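Worksheet: one structure, shown below.
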2 protein chains.
Amino acid sequence: MISRKPEQVFASEARRAAVTTDAKESYEDRLTHILEAATQVFAQVGYERASMRMVTKAARVSLAGVYHYVDSKERVLFLIQFRTFNSLLTKVRETLSGITDPVEQLCVMVRTHVNYFVANMPALKVCSHELDSLGGAAYDDILRVRREYYQLARGVLERLMDKLAPDAELDMHVATMSLFGTLNWLYRWYDPKRGKSPHAVARQITAQFMHGVLGAGTELGEGATGTGRST
Amino acid sequence: MISRKPEQVFASEARRAAVTTDAKESYEDRLTHILEAATQVFAQVGYERASMRMVTKAARVSLAGVYHYVDSKERVLFLIQFRTFNSLLTKVRETLSGITDPVEQLCVMVRTHVNYFVANMPALKVCSHELDSLGGAAYDDILRVRREYYQLARGVLERLMDKLAPDAELDMHVATMSLFGTLNWLYRWYDPKRGKSPHAVARQITAQFMHGVLGAGTELGEGATGTGRST
DNA sequence: TTACCGATCGAACGTTCGTTCGATAATGAA
DNA sequence: TTCATTATCGAACGAACGTTCGATCGGTAA
């Protein structure tokens, strides 16, 4: 079941783009259109439950027509996740670029993520829920992007702690993953049309996390550690 | 694809248990054995990707033999989730029963959940990851148990805020779901054999969450709710 | 026009799936 | 023992799946 193609990530896209200049737009747009339809289907019923026939109906293209743009169902999922993760990572990096204060960085990072979530809910649901649906080289390619995002968030957190609570003995991995847990679980319960505004949700998540790590850092870091094992 | 049987939850189990007293043990044990094998398979490859043939191989029972104990693949998933959620809910309620201090309640609740997770990782992964794989009446039955767990956690949180930060203007739903996000995301990254001890992880999650809601409650609750973050 | 090439399609192929059927072996009561 | 019930199994069925094939359509360069 696991794919094992060693192809470069952008091989097909680069090859296509080099051929013509007029048909390129049309081809890319058509592929994007199919991927957007697939994103809706994957988000609604899940990747495994979704069939290529459902995708063709959503994209209003014939079954064989879809295979003119992608080799396999797995590649559709790969392209969705690759584009979404890279787009999110780029956008967060952009908004973070001019900011030096770690506190402000954390605020902006969470706010940007929540805003991106609200603007691309189906895509981010597919990214959060289908993390193990890819295998082989495709999984590794996605993992590389995910690791970049992890390092970005962890870096912000570490600078925050260095500045405001340098003596804290907090496990940075646990802290980072608890934030990702909150953010990646959003698709299960947060409906921007029914609940609070994205801004308000981002603000509360940020406030909770910031006071959380700072407060826990001083509690767990100052005195002697009790029963649990630590350094 | 969605099941629509209106049967009572324990119908088959109650019927079986009333027939004999000797064969009941054997029958129940055999069913549990099959469910445990299915739990491993579902956790490893996912519910949709998993086939009944994989389950039969893991349980070392023939294909038709499994259908002597369950009507369908969907019922297997239902039984796994129903038993796991009820077992977790019961255990948390038990450990919480004698405690009145909300701070202590939160500590015990998180610690019990993490301990249960470590002791039943495949089962809790199936519960966290396959929440939408059931449909119809089965989904509603599970949803009822999940709501009980939600209310239990939210009640602890509300009593905590009432006691320590009664003036806070924190959205309780967002706060509760952020905790569930952290807990339900554990299966993605926490490996008790490699990382910190369950006790240490539970302690840090508890500390972060408690300082988070208390700190954010005072920050967001005192002054007028403006646009940016104040204080 | 002609010749070509990418885009699109209906139809089919081989596989795997969940589930069922009929028969056989094991079990316990009489 | 005999008999009825339960447990187990090999084999098969029909449906749905991902994917492929060969033909046709439509636009473009010469």
Side-chain angles (χ1 to χ4, degrees), chain A residues 1-5 12-13 15-34 37-38 41-42 45-79 133-135 138, chain B residues 1-5 12-13 15-34 37-38 41-42 45-79 133-135 138:
Chain A
M1 272 303 156
I2 300 300
S3 145
R4 62 228 89 77
K5 312 173 197 165
S12 72
E13 298 181 69
R15 173 163 40 81
R16 285 285 175 183
V19 175
T20 59
T21 47
D22 187 49
K24 175 208 163 190
E25 265 191 7
S26 176
Y27 179 88
E28 264 304 319
D29 289 352
R30 206 93 178 94
L31 172 59
T32 300
H33 168 74
I34 291 175
V41 176
F42 289 177
V45 304
Y47 170 71
E48 292 291 341
R49 213 181 190 89
S51 70
M52 289 298 265
R53 285 164 178 84
M54 295 185 196
V55 174
T56 65
K57 270 156 201 157
R60 294 201 274 120
V61 182
S62 76
L63 190 50
V66 170
Y67 279 93
H68 186 69
Y69 294 90
V70 291
D71 334 57
S72 65
K73 184 188 176 189
E74 194 176 7
R75 175 131 192 109
V76 175
L77 178 60
F78 169 77
L79 288 174
S133 299
L134 287 176
Chain B
M1 274 302 157
I2 298 300
S3 144
R4 63 228 88 76
K5 312 172 197 165
S12 71
E13 300 180 68
R15 174 164 38 80
R16 284 285 175 184
V19 175
T20 59
T21 47
D22 187 50
K24 176 209 164 189
E25 262 191 9
S26 176
Y27 179 88
E28 264 303 321
D29 289 352
R30 204 95 178 93
L31 173 59
T32 299
H33 168 74
I34 292 174
V41 176
F42 289 177
V45 304
Y47 170 70
E48 292 292 341
R49 214 181 188 90
S51 70
M52 290 297 265
R53 285 165 178 84
M54 296 184 197
V55 174
T56 64
K57 270 156 201 157
R60 295 201 275 121
V61 182
S62 77
L63 190 50
V66 170
Y67 279 92
H68 189 255
Y69 293 90
V70 291
D71 333 57
S72 65
K73 184 188 175 188
E74 194 176 6
R75 177 132 191 107
V76 175
L77 179 59
F78 169 77
L79 288 174
S133 299
L134 287 176

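For clarity, every value in this text was computed on a predicted model and none was experimentally measured.
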Between atom [atom1] in [X] and atom [atom2] in [N], what is the gap in whole Å?
| X | N | atom1 | atom2 | result |
| --- | --- | --- | --- | --- |
| R49(B) | dC17(D) | CZ | P | 16 Å |
| E48(A) | dA16(D) | CD | P | 18 Å |
| Y67(A) | dA12(C) | OH | P | 19 Å |
| D71(B) | dT20(C) | CG | P | 9 Å |
| R53(B) | dC13(D) | CZ | P | 14 Å |
| H33(B) | dA7(D) | NE2 | P | 15 Å |
| K57(A) | dG18(D) | NZ | P | 11 Å |
| I34(A) | dC9(C) | CD1 | C1' | 13 Å |

Which one, [options], comes nearest to the side chain of [X]?
| X | options | answer |
| --- | --- | --- |
| K73(B) | dC17(D), dT19(D), dT19(C) | dT19(C) |
| H68(B) | dT19(C), dT6(D), dG6(C) | dT6(D) |
| M54(A) | dC17(D), dA7(C), dG18(D) | dC17(D) |

Q. So, is R30(A) close to the dT8(C) phosphate, meaning a side-chain N or O under 4.0 Å from OP1 or OP2?
A. yes
Q. What residues, two or more places apart in sequence or in another chain, satisfy side-chain hydrogen bond (donor to acceptor under 3.5 Å, both in side chains) together with S51(B)?
A. none
Q.
Once side-chain hydrogen bond (donor to acceptor under 3.5 Å, both in side chains) is applied, do any residues pair with S62(B), and if so which ones, sequence neighbours excluded?
A. none
Minimal non-hydrogen separation, [X] against [Y], with atom names:
| X | Y | value |
| --- | --- | --- |
| L134(A) | F78(A) | CD1-CA, 3.8 Å |
| S133(A) | Y47(A) | CB-CD2, 3.8 Å |
| L31(B) | V70(B) | CD1-CG1, 4.0 Å |
| S72(B) | Y67(B) | CA-CE2, 4.1 Å |

Q | Beyond-backbone contact of L79(A) with R75(A), side-chain heavy atoms, under 4.5 angstrom | A | yes
Q: Scan residues 58-66 of chain B against DNA chain C and write down, sorted by residue number, each residue with any heavy atom closer than 4.0 Å; if none is found, say none.
A: L63(B), A64(B)
